[in-house]
Participant: 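The following block contains the structure, expressed as structure tokens.
Remember, predicted model here, so these are calculated numbers, not experimental data. Proteins come first, then strands; the chains are lettered A, B, ... in the order of their sequence lines, and each starts at number 1. Basis for what follows: all heavy atoms, side chains included, without hydrogens, waters or symmetry-related copies.
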Amino acid sequence: MSRQVLPLFDNLHRGVFLCLTSAASSLSHVRQAHAHILKAGIIDHTALSSKLISLYVNHQCFPEAQLILHSIPEPSLFSFSTLIYALTRSNLLALSLSVFSQMLSYGVLPDSRIIPSVIKACGGLSALEAGKQVHGIVFTSGLDSDDCVGASLVNMYVKCDEIRDAHKVFDRLPQRDVVSCSALLSAYARKGRVDVTMKLFNEMKDFGVEPNIITWNGVISGFNHSRDYIEAVVMFQRMHSEGYYPDDTTFSSVLSAVGDLKELKIGIQVHCCLIKQGLGQERYVRSALVDMYGKCACTLELTRAFDEIDEKDIGACNAVITGLCRNGLIYNALKAFEQFRDKGMELNVVTWTSIVAGCTQNGRDIQALQLFREMQSAGLKPNSVTIPCLLPACGNIAALMHGKAAHCFALRTGIADDFFVGSALIDMYAKCGRIHMSRLCFDKMPTKNLVCWNAIMGGYAMHGKTKEAKEIFDLMQRAGHEPDLISFCCMLSACSQGGLVEEGWSFFNSMTKEHRIEAKMEHYASMVNLLGRAGKLEEAYALINQMPFEPDACVWGALLGSCRLHNNVSLGEIAAEKLFKLEPENPGNYVLLSNIYASKARWSEVNAVRDIMISRGLKKNPGCSWIEVKNKVHMLLAGDKSHAEMPQILEKLNELSMEMKKAGYCPETDFVLQDVEEQDKEQMLGEHSEKLAVALGLLNTPAGTPLQVIKNLRICRDCHAFMKFISRIEGREIFVRDTNRFHHFKDGACSCGDFW
DNA sequence: GTAGGGTTAG
């Protein structure tokens, strides 16, 4: 090429041109060439200045490129095109559009070659209005007969979520080619419109269009996007049987779908298939394999797939961190994360977000907050994914200040309206005891999806605001959202909180009959909880027996908890027996049963439960020691009422409570109180109450001040009784949140009544 | 001296 061009230039031009052609490798060459051009006064040479613009843009030097453009006396369509094209390709879409509008203001009219880049920028920005204006220009200047322009218009409307307009443009295209078909097909698949997608796919042959690899990939990844993983795998199989060869993109997509289906067998088949095709070393494929094995809970294969990668890129590192976290191997994930950091790898937002999310999901809330801070000091900006990963950590430990800071960040960066961010904010404020702030966030959201409605409903349920929860439930339906599984969980929890047995039943029944949602395990557990709490233990047990599938530990746990509440021995024994089989290593179940026996002063049975724990190797578990201490105190109280041993027992208590809290349990408190007359309790605890409270780690502020104790602990009935007691004798208000609800104690009473 | 469609975190 250069042989043809070079004779056109004189010596100076020739030097400049050579400089330009070799400039692709280095910015300093571009600068030299620029200097030559300025010196020679040939800036208005279209070919040279355009080349210079494109080279500056390739080196990400956009101000220089724009400067050159504006220094040309009469910039040509070609000069503008070069910059617009390069800006769009570099994903600087807003800048690309602004250069386009500058071009129009210079009176330069676009041709069909530059329009696709402009339209692509509109689509990428989801700038529908701008897109429509460009469409207008296209229409009036008669450029709409161009295939390329048409296909990009289809895609622009797709990106702006205007699939009807996309289809209209598609229908009016003089000729539908594989590109326009692919754009529309992937859009329908992304929307989860399986029927339309398949119809259009089958019609393509009538248009004389043969699908290519991008068509297949678009449909498969589209189904992935709409979480229709089965359709994605089906399309992959169809592609295979119709004789098309998948490429690395196809494999990455299908592996992701297989992972979400947790279909390990298919995953292994796909793995074999891609090895056969020699794509085993492709970058995206390797990460996708790590991801798939992680989703299928194959941690060994996951590590192996990762270890086999020669050049571990950022995608692979992110996949391995996510995979380890997903399978509860947070320790290994943190270790891997540290190694990547030590090696000086350039970690990106995804890496940091993944590790923060991993900590949150694995109960390391404080560490999540710390890592979030480190991420910011490493100079990385959180995004609309990072914030909703961090917020649950703030909620779990009631770190209101951190939550508020994240909220401010979201407002500053304009991501507060995002569905994920908004619903996470609603949940965080609810968990921090600021339900009015939850409502504020909810009301401020311009558009709300089902998750947002469920979040505020769950917040009200958590705070025992049954009336408000019901109002939201009705409003949501009037806004056109069908309640889902989670909506009903929230409503059942709200009813349980308010002791509304009848209404609970009515929600439970309408769920299956009117909304055609099959009751899942968590609904049965909620219902058992609701009935049990209200003292209808037999009814709860009858419901369990009617369940269409085997009840799990949550269901039996709800029954056992209720039996403890009402001290029902016979049903408690039945529930405990099931639980001892289902989760033999959960000390909480043994403790609950032992408490039921203790309430009836059946000490030999209390000891028998302790013996079962010992025989199952739970001797070192704090729960076992707990039963032991409890028994001892009871013996003490039954005989000698001078309580001379109280200080020593408190010390033992302190020790045990530390251990139990580490295990995630809220230590019980009122074993010293139950079966003792009211006035005795006061006398007995008078001097010890503060010490006991501190020992339990629940109260650590001076007496008399109102206090908010929000911990992710499992508050049991005994704790509840103790809190009521403390609120009366110390005359202070106490706010406590356990794993799912709020309790407000004042003057010896609790806002959620005697259901505890 | 230039176009448009498909791959990872919640």
Participant: Using a 4.0 Å cut-off on protein heavy atoms (strictly under), produce a 5'-to-3' string for nucleotides 5-10 of chain B with B for base contact, S for backbone-only sugar-phosphate contact, and - for none.
Facilitator: BBB-BB
Participant: From CG of Leu83(A) over to C1' of dG1(B), roughly how many Å is that when rounded to an integer?
Facilitator: 15 Å
Participant: Run the salt bridge (Lys or Arg N to Asp or Glu O under 4.0 Å) test against Lys168(A) and tell me which residues pass, sequence neighbours left out.
Facilitator: Asp165(A)
Participant: Could you pull out all residues at least two apart from Ser96(A) that satisfy side chain to side chain donor-acceptor pair (under 3.5 Å)?
Facilitator: Thr88(A)
Participant: What residues, two or more places apart in sequence or in another chain, satisfy ring-ring contact (aromatic ring centres under 6.0 Å, His included) together with Phe306(A)?
Facilitator: none
Participant: Contact class for Phe78(A) vs. all strands (heavy atom < 4.0 Å): base, sugar-phosphate, or nothing?
Facilitator: base
Participant: Does anything in residues 142-161 of chain A pair up under salt bridge (Lys or Arg N to Asp or Glu O under 4.0 Å), and if so which pairs, sequence neighbours excluded?
Facilitator: Asp161(A)-Lys191(A)
Participant: Give a yes or no on whether the ring-centroid distance for Phe201(A) and Trp216(A) is below 6.0 angstrom.
Facilitator: yes
Participant: Test of understanding: with ring-ring contact (aromatic ring centres under 6.0 Å, His included), list the residues that count as partners of Phe170(A), not counting sequence neighbours.
Facilitator: His167(A)
Participant: Where along residues 197-204 of chain A does a heavy atom fall under 4.0 Å from DNA chain B?
Facilitator: none
Participant: Do Asp177(A) and dG4(B) have a side chain to base donor-acceptor pair shorter than 3.5 Å?
Facilitator: yes
Participant: If the condition is ring-ring contact (aromatic ring centres under 6.0 Å, His included), which residues does Tyr293(A) pass it with, not counting sequence neighbours?
Facilitator: His271(A)
Participant: Under the rule for ring-ring contact (aromatic ring centres under 6.0 Å, His included), what residues qualify as partners of Phe139(A), not counting sequence neighbours?
Facilitator: none
Participant: Separation of Leu173(A) atom CG from dG4(B) atom P, in whole Å?
Facilitator: 16 Å
Participant: Provide, to the nearest angstrom, the distance between the CG atom belonging to Asp146(A) and the P atom belonging to dT2(B).
Facilitator: 17 Å
